[in-house]
Amino acid sequence: MYSATLQLLWAEGIAGALYIEDFKRLARTAGFTVPRALNAERITITDAELAKEVACQAGDVTFCSITYRMFKLPGLLESLGEEYGQVATYKAKVVVVNVDCGVCSCQTCSQPAVSSLSLQGTIAGHEHLYQLDADHKFIIGKPTLVSGNTAAMVGEGGTSWLSNHFEVTGNRDTHYGLHRDRLTGR
């Protein structure tokens with residue numbers, strides 16, 4: 001039978017936590033060549049007794065909750081981010097925004113509504129920008145130089161779920177070396 005402390009650690013997602021690099025190795029083994037961290041938040045154990053138990057069992061460790069974006073794109077992702085001069089642009093759509101007439105608050109008012117046009121990103125919940133990972137923020141309509149890996153993730157060749165939301169220009173005909181984020185594979 002598990003102790004109450006161990007049950008609490010499992011419930012909180014601390015017991016069984018993976019070392020970050022072990023997680024990345026497992027992801028790569030499963031075919032996710034370049035795991036991308038979107039965000040990370042440190043987990044602080046505030047209960048002194050529980051913190052003492054964790055320190056006795058695991059030593060001086062830091063726990064984090066990390067959200068990753070991972071893509072299986074066989075043949076398109078390289079171990080490091082290579083530069084091919086590709087550019088990615090987050091697509092925008094025109095949205096008509098209707099505003100109440102301002103004369104009254106009734107639903108059956110004969111006054112015409114005031115309309116305006118707005119540009120929004122094509123992914124629901126990401127109207128102004130799309131955050132691919134901690135290092136890649138795409139603003140609607142703004143061309144951004146990307147590595148071959150990022151180009152593949154956002155839609156090069158139409159193989160990613162993001163393909164309908166991004167325009168990728170350029171190809172991999174000319175290799176310029178490692179991308180500016182060469183050590184991260186981005």
Side-chain angles (χ1 to χ4, degrees), residues 13-44 58-95 117-186:
I14 294 172
L18 286 173
Y19 167 58
I20 292 170
E21 296 306 318
D22 286 344
F23 172 80
K24 290 177 185 177
R25 279 187 278 281
L26 287 170
R28 288 184 189 107
T29 300
F32 299 102
T33 310
V34 185
R36 297 278 185 94
L38 175 62
N39 58 46
E41 186 176 326
R42 184 180 178 153
I43 298 172
T44 303
D60 185 23
V61 295
T62 300
F63 292 95
C64 294
S65 174
I66 304 173
T67 301
Y68 283 91
R69 291 203 197 272
M70 298 191 294
F71 296 81
K72 267 190 188 179
L73 300 169
L76 290 176
L77 299 178
E78 301 171 298
S79 60
L80 292 176
E82 301 290 339
E83 180 68 57
Y84 297 99
Q86 293 170 293
V87 173
T89 306
Y90 181 31
K91 294 178 184 177
K93 62 183 175 184
V94 177
V95 176
L117 299 179
S118 173
L119 287 179
Q120 291 185 359
T122 56
I123 302 172
H126 302 274
E127 286 76 18
H128 305 291
L129 60 92
Y130 181 75
Q131 185 89 34
L132 178 66
D133 57 36
D135 298 320
H136 295 86
K137 184 186 296 186
F138 294 94
I139 298 169
I140 57 167
K142 181 181 178 186
T144 304
L145 184 65
V146 295
S147 70
N149 284 347
T150 301
M153 290 175 187
V154 298
E156 172 191 30
T159 57
S160 166
W161 73 271
L162 292 169
S163 298
N164 293 331
H165 306 287
F166 282 84
E167 180 179 346
V168 177
T169 55
N171 55 44
R172 297 185 187 215
D173 290 348
T174 304
H175 183 246
Y176 298 104
L178 290 175
H179 189 66
R180 60 183 160 76
D181 296 323
R182 66 186 182 277
L183 297 178
T184 61
R186 295 177 168 98

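In this structure R25 satisfies the salt bridge (charged side-chain N to carboxylate O under 4.0 Å, His left out) test together with D22, sequence neighbours excluded. Residues satisfying the side-chain hydrogen bond (donor to acceptor under 3.5 Å, both in side chains) test with T122, not counting sequence neighbours, are H165. In terms of the ring-ring contact (aromatic ring centres under 6.0 Å, His included) criterion, residue partners of Y84 (sequence neighbours excluded) are, by chain and number, H175. Every residue was checked against the side-chain hydrogen bond (donor to acceptor under 3.5 Å, both in side chains) condition with S163, not counting sequence neighbours, and none meets it. Partners of E41 by side-chain hydrogen bond (donor to acceptor under 3.5 Å, both in side chains), not counting sequence neighbours: none found.
Atom NZ of K91 sits about 14.0 Å away from atom CD1 of I140, to the nearest 0.5 Å. To the nearest 0.5 Å, atom CZ of residue R28 and atom CE of residue M70 are 10.5 Å apart. Taken from CG in D135 to CG in L38, the straight-line distance is 10.5 Å, to the nearest 0.5 Å. Here the straight-line distance linking atom CZ of R69 with atom CG of L162 works out to 7.5 Å at 0.5 Å rounding. We find the CG-CE distance between L76 and M153 to be 10.5 Å, quoted to the nearest 0.5 Å. Here OG of S147 is found 8.5 Å from CD of E82. Values are rounded to the nearest 0.5 Å.
Between the side chain of R36 and the backbone N or O of F71, no donor-acceptor pair lies under 3.5 Å. The closest donor-acceptor contact from the side chain of T144 to the backbone of K142 lies under 3.5 Å.
A 4.5 Å side-chain heavy-atom check between I66 and I20 finds at least one atom pair inside the cut-off.
Nearest heavy-atom pair across V87 and P143 is CG1-CB, 3.5 Å. When all heavy atoms of T150 and F138 are compared, the closest pair comes out as CG2-CZ, 3.9 Å. The nearest pair of heavy atoms linking V154 to A88 is CG2-CB, 3.8 Å. A pairwise comparison of heavy atoms in D133 and A37 identifies CB-O, 3.3 Å as the closest pair. The nearest pair of heavy atoms linking V94 to L119 is CG2-CD2, 3.8 Å.
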Exercise for review: Would you check, one step at a time, whether the test side-chain contact (heavy atoms from CB on, under 4.5 Å) holds for I123 with Y90?
Suggested key: CA-CA 9 Å; I123 302 172; Y90 181 31; 3.5 Å; yes
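More than 12 heavy atoms of other shown residues, nucleotides or ligands fall within 6.0 angstrom of atom CD1 in I43.
Aromatic rings of Y68 and F23 (six-membered ring for Trp) have centroids within the 6.0 Å cut-off, being under it.
Using cut-offs of 30° and 60° for the angle between ring planes, the W161 and Y130 rings count as perpendicular.
Within the structure, the salt bridge (charged side-chain N to carboxylate O under 4.0 Å, His left out) test picks out the following pairs touching residues 144-165 (sequence neighbours left out): E156-R172.
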